[in-house]
Amino acid sequence: MQDPFTQTLPDTADGLAHAAALLAKGGLVAFPTETVYGLGADARDDRAVAGIFAAKARPRFNPLIVHLPDLASVRRYAVVSDEAARLAGAFWPGPLTLVLPLRPAAGLSPLVTAGLDTVAVRVPAHPVAQALLRAFGGPVAAPSANPSGRVSPTRAAHVLEGLAGRIAAVIDGGACGVGVESTIVGMLGAPTLLRPGGLPAEAIVKCLGAPLATPSGAAITAPGQLASHYAPGAPVRLNVTAPQTAELWVGFGPATAAAPLTLSDSGDLMEAAAALFHVLREADTLANGRVIAFAPVPDHGLGRAINDRLRRAAAPRL
Ligand code: TXA
Ligand code: MG
């Protein structure tokens, strides 16, 4: 769906009712979640879901995450094993996506699942996302609300920078608290970490009482798993402890004259995750042709998701 004008809606009852009505008539509505802003469409409506791919200029029809308000509504679309229910009980609502067997008769558009017999489901914690899902009353397919391959949005203004004029509306719910996309766990055999994200893998392992498998080569290739993704305009270099003079250095720790930009002044991984995509955008503006050089970030907890996104930002462009 191509709208000449994209409305910015307030996160009030009226704004949410309007957003739900737009979704119900097949419109595309961007909304805040605790991870990043999502670009939502009715997951049962083929045309609306196709509109997501068109608005993002996604090169391929990759499967999307279905957003629902609670575990009971998830069970209408997916088969939830006891082990999956344990994770859901511990971490939903929250930044965890589970890949589960699809209930084929449940009426999801095959575009959402890319024709697979599995479906990725998530129950977001953000109060605006929760209120929108309840007002709409159906499943909402939502990838991050950015043009394909670019930096994910963590504020309504970021959404408009990339998609204004291409979507019906964005609900302005302020800055996202977590700042990186959800952790995706496949629950089709041994629980498998498909994408590190806003829920630390360590917490999942503790809840399961068993390690997470890592994907085999047969895993699905989708945007979040493409080598180059989250790419700013400027080139990116990683693990830089001594930047060259012509580089814009982004630190992890107190800002200094050499590193005016930092992911976290206090070296805190939660703060760094929340700031990541915003800092990437800011660095891109300031770089002005220079390379953006990131200081090393510890590779545990949320640091795994941060380093995953930074590696993709630094990968050779497609
Ligand atoms: O935090 C998030 O997860 C955000 C917010 C908006 O909720 N959404 C998001 O969606 O990151 P997206 O489209 O960027 O990521 C979808 C990922 C893809 O990388 C794809 O690999 C995986 O979900 N996925 C979806 N369906 C799948 C399936 N049936 N099997 C395996 N992976 C699947
Ligand atoms: Mg994305």
Side-chain angles (χ1 to χ4, degrees), residues 28-41 43 49 52-53 55-68 77-79 91-102 108-126 128-130 132-133 139-154 158-159 162-163 170-171 173 176-189 192-199 215-216 218-231 273 276-277 305 308-309 312-313:
L28 303 182
V29 177
F31 62 98
T33 81
E34 70 276 28
T35 58
V36 300
Y37 274 72
L39 178 58
V49 176
I52 290 179
F53 293 98
K56 286 178 64 87
R58 245 192 200 195
R60 275 171 283 177
F61 284 171
N62 298 297
L64 301 174
I65 298 173
V66 175
H67 295 66
L68 290 155
Y77 300 97
V79 180
F91 302 117
W92 278 350
L96 171 68
T97 294
L98 297 177
V99 176
L100 302 172
L102 172 72
L108 292 180
S109 165
L111 272 180
V112 169
T113 52
L116 299 167
D117 53 8
T118 59
V119 62
V121 285
R122 155 160 144 75
V123 175
H126 196 292
V128 175
Q130 275 285 330
L132 177 67
L133 291 170
V140 172
S144 52
N146 53 283
S148 189
R150 310 307 297 196
V151 179
S152 297
T154 52
H158 298 166
V159 174
L163 298 176
V170 56
I171 305 172
C176 301
V178 175
V180 290
E181 294 86 347
S182 60
T183 302
I184 304 182
V185 177
M187 298 297 291
L188 304 167
T192 302
L193 181 65
L194 298 177
R195 175 176 78 181
L199 178 66
S216 65
I220 294 179
T221 304
Q225 288 154 15
L226 290 176
S228 170
H229 198 61
Y230 310 102
L276 176 66
F277 291 132
D308 173 79
R309 306 305 186 269
R312 292 174 207 280

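Indexing begins at 1, ligand by ligand and atom by atom, following the structure's order. Positions are given from 1 along the sequence.
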Show which atoms of ligand 1 fall inside a sub-4.0 Å distance from at least one heavy-atom site of Leu116. 29 (N)
Look at atom 29 (N) of ligand 1 and find which of Thr118, Thr183, Val121, Thr192 reaches it with the closest heavy atom. Thr118
Distance from Arg150 atom CZ to His158 atom NE2, nearest 0.5 Å? 14.0 Å
Short N/O distance, under 3.5 Å, between His67 and ligand 1? yes
For the 3.5 Å polar cut-off, considering only N or O atoms, please tell me whether Thr35 and ligand 1 meet it. yes
Close side-chain approach of Leu132 to His67, heavy-atom, < 4.5 Å: no
Could you verify whether a donor N or O on one side chain and an acceptor N or O on the other, from Thr97 and Arg195, lie under 3.5 Å apart? no
Please identify which atoms of ligand 1 are closer than 4.0 Å to at least one heavy atom of Ala142. 6 (C), 8 (N), 10 (O)
Between Ser152 and Arg309: side-chain donor-acceptor atoms closer than 3.5 Å: no
Under 4.0 Å from any heavy atom of Ala120, which atoms of ligand 1 are there? 25 (C), 26 (N), 27 (C)
For the atom pair OG (Ser182) and CD (Glu34), what is the distance rounded to the nearest 0.5 Å? 8.5 Å
Considering only heavy atoms, which of Arg58, Arg122, Lys56 lies nearest to atom 14 (O) of ligand 1? Arg58
Provide the number and element of each atom of ligand 1 under 4.0 Å from a heavy atom of Arg195. 2 (C), 3 (O), 9 (C), 11 (O), 14 (O), 15 (O)
Within 4.0 Å of some non-hydrogen atom of Gly38, the atoms of ligand 1 are 6 (C)
Decide side-chain contact (heavy atoms from CB on, under 4.5 Å) for Tyr77 and Val66; before the verdict, give the C-alpha distance in whole Å, the side-chain angles of both, and the deciding distance to 0.1 Å. CA-CA 9 Å; Tyr77 300 97; Val66 175; 5.5 Å; no
Confirm or rule out an N/O/S atom of Ser144, from backbone or side chain, lying less than 2.8 Å from the Mg ion (ligand 2). yes
Using a 4.0 Å heavy-atom threshold (strictly under), name the region of Pro143 that reaches ligand 1: side chain, backbone, both or neither. both
Below 4.0 Å from any atom of ligand 1, is there a heavy atom belonging to Asn62? no
Measuring from the heavy atoms of Ile65, does anything fall under 4.0 Å of ligand 1? yes
Determine, step by step, whether Glu181 and Ile65 satisfy the side-chain contact (heavy atoms from CB on, under 4.5 Å) criterion, reporting the C-alpha distance in whole Å, the side-chain angles of both residues, the deciding distance to 0.1 Å, and the verdict. CA-CA 11 Å; Glu181 294 86 347; Ile65 298 173; over 6 Å; no
Which atom pair, heavy atoms only, marks the closest approach of Ser148 to Ala57? CB-O, 3.4 Å
Atom pair CG (Leu116) and CG (Asn62), whose distance is rounded to the nearest 0.5 Å: 10.0 Å
Using a heavy-atom cut-off of under 4.0 Å, does the side chain or the backbone of Ile184 touch ligand 1, or both, or neither? side chain
